[in-house]
There are 2 protein chains.
Amino acid sequence: MTNTTLKKISEILGISISTVSRALKHHPDISVKTREKVIELARTLDYEPNANAVQLRTKNSKLLGLMVPTISNYFYETFIAAVEEDARKNGYAVMILQSGNDPLIESENLKLFRQNRVSGVFVCLSSNTKDMSSFEKMYELEIPVLFFDNVPQDSGVHKICLADEKSAQLAAELILQHPYQSILALFGNPALSITKKREAALKNAFQAHPHISLLIEHANSSEEAKLVCHEMLNKHLPDIIFCMSDEVLIGVLKTIQEKGLRYPDNIALLTISNGTIPRLFHPQITYIETSGEKLGKAAFAHMLNCMQTKTEPTELLVDAVLFNGGSL
Amino acid sequence: MTNTTLKKISEILGISISTVSRALKHHPDISVKTREKVIELARTLDYEPNANAVQLRTKNSKLLGLMVPTISNYFYETFIAAVEEDARKNGYAVMILQSGNDPLIESENLKLFRQNRVSGVFVCLSSNTKDMSSFEKMYELEIPVLFFDNVPQDSGVHKICLADEKSAQLAAELILQHPYQSILALFGNPALSITKKREAALKNAFQAHPHISLLIEHANSSEEAKLVCHEMLNKHLPDIIFCMSDEVLIGVLKTIQEKGLRYPDNIALLTISNGTIPRLFHPQITYIETSGEKLGKAAFAHMLNCMQTKTEPTELLVDAVLFNGGSL
DNA sequence: GCCATTTCCGCAAAGGTTTGCTGTGGAAAT
DNA sequence: ATTTCCACAGCAAACCTTTGCGGAAATGGC
């Protein structure tokens, strides 16, 4: 069976294509009688507009691009799910691409977005991206780009982040409410904006408390975190371990379990997470919530804004809240 | 800045649009000299073909559709990641939609796929889908549909599954190698094809061992699994709990932890999983691996086949292997 | 130097929509 | 009865690309 088109409808009804087109969009120029005839026939023929033709003509697609380093990640997946959901509700479809943290693929993906004429893209930068020039073309074509999570430092772009500073501050405050004297803080890839922000905020918060020992380490993956943690714990058992992310947390948890340590008895734990992992364990691990879902919803809302009216580039923040498990 | 088009290039070079088009695709009709001039200019002008125009003309898009109940799921996310990766390598982009297990949304999503002229779709059926008629239109339009994971029972469709029967058999064999006398087997939504298959296979395997007590329960979510598990354990402590999926496993683990039980000492655990969750714990939980990644890769390969040559509908299986943790 | 190829390129249509403009018929206004 | 206006619908161009066909120039063979 071949597709039904405006042309086909127009031929059957003996009217022109333009009349059919207008009737279908309730254009006032078309009489009610004609309109109803058209709509009726369109329904029975199951007419579905050819998005390619529409987009070609209107230069305005109902397609959004979304790029993350990898889809299978505790945080991104909830972000993606949220964006997709809201997008769908607004008639948009989402094209999802992974960069694999490779700047080359990242720029190729941008090209794919352009070729498919997306009307906006969400980007979480690859951790290895130094050169932002591949994004220039997007700006030239006036395709809104909204960075999220790992964002560039430039101020002239749209970005939406978790309240990274605040969440680290929150963590610090929580720690300071307890008599912990030695802290091991594990962070992720130091190249990421979120790492920098969280680390700086945490350091800053302990500036006024020189008597507390704050040891900071980095790890680029769960495996690395596990190794680092093992190494650190062999030297000295801190009162509390603070994890910047789920990735780090996973490594730490493995170490702790392998060493037969019990939290909160032997050691306290605090992490930043969306909650999935921390809630798997018993006692649940106390975490500062960074919700991919909230971020996704906010991101989509902002994107809608950007697409409708030219908005000034801004940095939006999604708040962080504390979930009290039983790990400290 | 406006986009570069074939027309623009042709005007600058003073040649016709068709020549430019052919030159860009190395058509033998075009002289080397002209071709190089064109390609050179196209590069400096950063020409990017308008996918909409191309698709409109050729009726052959480089876009694939992928629908899952929800993206944020331990299994789907790896499947999606794998499909996306291979798709990208082959020049395809993937449009991802969620059904939220709502048949209505499912059929709307199919419509979206059609409108965007995808050249193939991967579908994991929503658990509530009874009526498959919304897929008819896809067949009529000759858009290949490849079902995965939760698939329809019809035999006339393309489907790709994990070796559900085999993985349950594997589980049964493993259990039988131990002296376990009472088994609690927890399954997911009984409406799902994977549930049915796994359950049938497990039951079947124990048919020949009537002296072993096999208790089967169902749960539609982690929370439900947790409740059911609590309830069951209060009545009687089995030697081993078998979990059909990560979802179930999560509930079971919570119960076990909350009850202060230790595995494998107090109770043994066995699950079917892609490994992410089982490896988080210590000892790691023994599981039959069902890799979303493998399934994704196989699915994409099959899709490529379907799109290139008309393939007969088949049911493909991706094998299951055992990962030995320390939970039994 | 003439005919037959070959080489290279352009014309034009097609794909499905959208939209500014034009045109028609009839009713209302004068 | 003539003009004015409005409601309604069609024409045609445009969006950008692909491709069958035809044609001009250049090449080759004799």
Side-chain angles (χ1 to χ4, degrees), chain A residues 1-39 41-42 45-63 91 111 114-119 141-142, chain B residues 1-39 41-42 45-63 91 111 114-119 141-142:
Chain A
M1 190 189 104
T2 137
N3 243 310
T4 61
T5 65
L6 292 184
K7 190 177 175 188
K8 190 185 268 183
I9 296 180
S10 76
E11 281 169 358
I12 296 181
L13 255 36
I15 57 181
S16 80
I17 296 180
S18 35
T19 304
V20 177
S21 173
R22 282 193 253 255
L24 252 18
K25 2 181 84 59
H26 292 82
H27 192 288
D29 264 14
I30 307 299
S31 70
V32 181
K33 216 173 58 187
T34 311
R35 189 213 300 159
E36 291 189 339
K37 260 197 318 191
V38 171
I39 291 185
L41 184 61
L45 254 47
D46 211 358
Y47 169 71
E48 291 173 355
N50 183 325
N52 284 318
V54 175
Q55 289 168 208
L56 179 59
R57 178 61 229 242
T58 62
K59 294 164 165 296
N60 146 20
S61 79
K62 284 293 198 177
L63 200 59
K111 192 167 180 174
R114 267 173 269 145
Q115 289 181 201
N116 282 282
R117 296 318 195 248
V118 298
S119 33
L141 294 177
E142 299 187 347
Chain B
M1 191 189 104
T2 139
N3 242 308
T4 23
T5 65
L6 292 183
K7 189 176 174 190
K8 192 186 268 184
I9 296 181
S10 78
E11 280 170 356
I12 296 181
L13 255 33
I15 58 182
S16 80
I17 295 180
S18 35
T19 303
V20 177
S21 173
R22 283 192 253 256
L24 251 20
K25 4 179 82 61
H26 290 82
H27 192 289
D29 264 13
I30 307 301
S31 71
V32 181
K33 216 174 59 185
T34 311
R35 189 212 301 159
E36 292 190 337
K37 258 195 322 192
V38 171
I39 292 185
L41 184 60
L45 253 47
D46 211 357
Y47 169 72
E48 291 172 358
N50 183 325
N52 285 318
V54 175
Q55 290 167 206
L56 179 59
R57 178 62 226 246
T58 62
K59 294 168 166 293
N60 148 17
S61 79
K62 285 292 198 178
L63 200 60
K111 191 166 180 175
R114 267 175 266 139
Q115 288 181 199
N116 282 281
R117 293 321 193 248
V118 298
S119 32
L141 295 177
E142 299 186 347

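Each chain gets a letter, A, B and so on, in the order the sequences are listed, and its residues count up from 1. Below, all heavy atoms of this structure are taken into account, side chains as well, without hydrogens, waters or symmetry copies.
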K.L.:
What is the distance, to the nearest angstrom, from the CD atom on E48(B) to the C1' atom on dT17(D)?
P.N.:
15 Å
K.L.:
Could you check if a side-chain atom of L6(B) sits within less than 4.5 angstrom of a side-chain atom of Y47(B), using non-hydrogen atoms only?
P.N.:
yes
K.L.:
At what distance, to the nearest 0.5 angstrom, does NZ of K25(A) lie from CD1 of I39(A)?
P.N.:
11.0 Å
K.L.:
Record whether the side chain of D29(B) comes under 3.5 Å of the base of dC9(C) through a donor-acceptor pair of N or O atoms.
P.N.:
yes
K.L.:
What nucleic acid atoms does S18(B) come within less than 4.0 Å of, heavy atoms only: base, sugar-phosphate, or nothing?
P.N.:
base
K.L.:
Could you tell me the separation between the CG atom of N52(A) and the P atom of dT17(C), rounded to a whole number of Å?
P.N.:
11 Å
K.L.:
Is any side-chain nitrogen or oxygen of K8(A) closer than 4.0 Å to OP1 or OP2 of dG16(C)?
P.N.:
no
K.L.:
Assign each of V20(B) and R117(B) to its nearest nucleotide of DNA chain C by heavy atoms, then name whichever residue's nucleotide is nearer the 5' end.
P.N.:
V20(B)
K.L.:
Locate the shortest heavy-atom distance separating Q55(B) from K62(B); write the atom from each residue and the value.
P.N.:
OE1-N, 4.2 Å
K.L.:
Find the distance L6(B):CG to dC9(C):C1' and express it as a whole number of Å.
P.N.:
15 Å
K.L.:
Please report the distance, rounded to the nearest Å, between CD in Q55(B) and P in dA14(C).
P.N.:
21 Å
K.L.:
Rounded to whole Å, please give me the gap between CG in N50(B) and P in dA14(D).
P.N.:
17 Å
K.L.:
Nearest whole Å is fine: how far is dC8(D) C1' from L13(A) CG?
P.N.:
15 Å
K.L.:
Pick base, sugar-phosphate or nothing for L56(A), based on heavy-atom distances below 4.0 Å to the nucleic acid.
P.N.:
base
K.L.:
Side chains of R117(B) and N3(A): does their closest heavy-atom pair fall under 4.5 Å?
P.N.:
yes
K.L.:
Side-chain N or O of T34(B) versus OP1/OP2 of dC9(C): is the shortest distance under 4.0 Å?
P.N.:
yes
K.L.:
Which nucleotide in the set dC9(C), dT17(D), dG16(C) lies at the smallest distance from any side-chain heavy atom of I30(B)?
P.N.:
dC9(C)
K.L.:
S119(A) and S61(A): which non-hydrogen atoms are nearest, and at how many Å?
P.N.:
OG-O, 2.8 Å
K.L.:
Between S16(B) and dG10(C), does any side-chain N or O lie under 4.0 Å from OP1 or OP2?
P.N.:
yes
K.L.:
In whole Å, I'd like the distance from the NZ atom of K25(A) to the P atom of dT17(C).
P.N.:
9 Å
K.L.:
Looking at Y47(A), I'd like to know whether one of its side-chain N or O atoms comes within less than 4.0 Å of OP1 or OP2 on dT17(C).
P.N.:
yes
K.L.:
Is I15(B) close to V38(B) at the side-chain level, that is, under 4.5 Å between some pair of heavy atoms?
P.N.:
yes
K.L.:
Map A53(B) and T19(A) onto DNA chain C by nearest heavy atom, then report which one ends up closer to the 5' terminus.
P.N.:
A53(B)
K.L.:
To the nearest Å, how far apart are R114(A) CZ and dC16(D) P?
P.N.:
17 Å
K.L.:
Under 4.0 Å from OP1 or OP2 of dG16(C): is there any side-chain N or O of K59(B) that close?
P.N.:
yes
K.L.:
Assign S31(A) to base, sugar-phosphate, or nothing according to its heavy-atom contacts below 4.0 angstrom with the strands shown.
P.N.:
sugar-phosphate
K.L.:
Between P49(B) and R22(B), which has a closest nucleotide on DNA chain D that is more 5'?
P.N.:
P49(B)
K.L.:
Heavy atoms under 4.0 Å, any strand shown: does S21(B) hit a base, just sugar-phosphate, or nothing?
P.N.:
base
